Amino acid sequence: MFSVYEVGDFVEVSGLSNFSTSHTFECGQCFRWNKDEDGAYVGVAFGHAAKIFKRRACLYISGTMDEFEKIWRPYLDLDRDYDALRHRFAVDDFTRAATAFGSGIRMLKQDPWETLCSFILSQCCNIPRIKKMVEALCENFGDPLDFEGKKLFTFPSAEKIAELSLSNLDVLRSGYRAPYVLSAARAVADGEIVFEELYSMPTCDARKKVLSLNGIGPKVADCFLLFGLQKFDAFPVDTWIKKAQILYPGKLDPSRFGPYAGIAQQYLFFYARESGLKV
DNA sequence: GAACAGGTGAAGT
DNA sequence: ACTTCACCTGTT
């Protein structure tokens, strides 16, 4: 377990293992955390801005204890035992290397709408471009936040996007993805998609529901289920996981990782993308 | 310029 | 059920 203290404008978390800010914020699960000049990550989630960094084995998160308990503790998934997960996933040389390489990854408990919308935009784009489109969405349609002299923006609600017209989304430069975003926003605003219902459904039923939306296929649906609804059995297969499957000696069957296969996926994805593996 | 990118859906076998 | 292709845009 870990200890938490309020230190100035920060909450200090000590005794926490398996937390890497760079691995967590740059493993591809999120698009709104950026490194500042001091190496700290600054971002916005659930309408709150924060600065997060590690120093001398402690994790520091700006804001009050109340904010920490309400927002950041669950968001950063601090209460999960990642030693146990990594032990479970490391069943051979390949998976051992992947879990070691990605040590410190945490599965962010992200907002469902933000996750759905971001991954609709992500198709056939690299991370810099995804980030640009997401930031354009927030700057144009989100609410401004003043954070340490910088102007940040919240992620706009589905209701806000739903009332826009297609041409309003031209500022995103998102091409053929724009109508997908708009129809998803309207499905949420109209109550056609209700996230609270999806939470309580079995993964396969929730999957069917989001697959019915135009422009959402298996990959985006699984990313949404995993990152936005914490359906840890969802296992998104993208080009990097396909590379890992080619390199893996034998068959890479998600079911071998049990109900947390999606977390194993993050280690495998990060390993395939960042470790310089060649197919 | 051409090819390709963290995908999807339609149309063709 | 599997393969091919166009799709908008930004980057080699």
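Values in this document were obtained by computation on a predicted structure and should not be read as measured data. In what follows, every chain begins at residue 1, and chains take the letters A, B, ... in the order their sequences are listed.
Regarding contacts with the backbone of C/dT11, a side-chain N or O of A/K132 is found under 4.0 angstrom from either OP1 or OP2.
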Next item on the list: Carefully, step by step, assess A/R256 and A/D253 under the rule salt bridge (charged side-chain N to carboxylate O under 4.0 Å, His left out).
Entry: CA-CA 6 Å; A/R256 71 181 304 173; A/D253 180 7; over 6 Å; no
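Taking atom P in both C/dC8 and B/dA11, the straight-line distance is 16 Å, to the nearest Å.
Under the 4.5 Å side-chain heavy-atom criterion for Ile, Leu, Val, Met, Phe, Trp and Tyr, A/L182 and A/L211 are members of distinct hydrophobic clusters. Under the 4.5 Å side-chain heavy-atom criterion for ILVMFWY residues, a single connected hydrophobic cluster contains both A/L229 and A/I193.
Within 4.0 Å (heavy atoms only), A/I216 reaches sugar-phosphate atoms of the nucleic acid but no base atom. The residue A/P218 sits close only to the backbone: its heavy atoms come under 4.0 Å of sugar-phosphate atoms, none of a base. When heavy atoms are screened at a 4.0 angstrom cut-off, A/G28 is found touching base atoms of the nucleic acid.
Nearest nucleotide to the A/R129 side chain, out of B/dG9, B/dG7, C/dT9: C/dT9. Out of C/dC8, C/dG10, B/dG9, the shortest distance to the side chain of A/R177 is found at C/dC8.
Toward the 5′ end of DNA chain B lies the nearest nucleotide of A/F269, the other residue of the pair A/L213 and A/F269 mapping further downstream.
In this structure, B/dG12 and C/dC2 make a Watson-Crick or G-U wobble pair, each of the two defining distances being under 3.5 angstrom.
The aromatic rings of A/F235 and A/F257 lie parallel to each other, their planes meeting at an angle below 30°, with 60° marking the opposite boundary.
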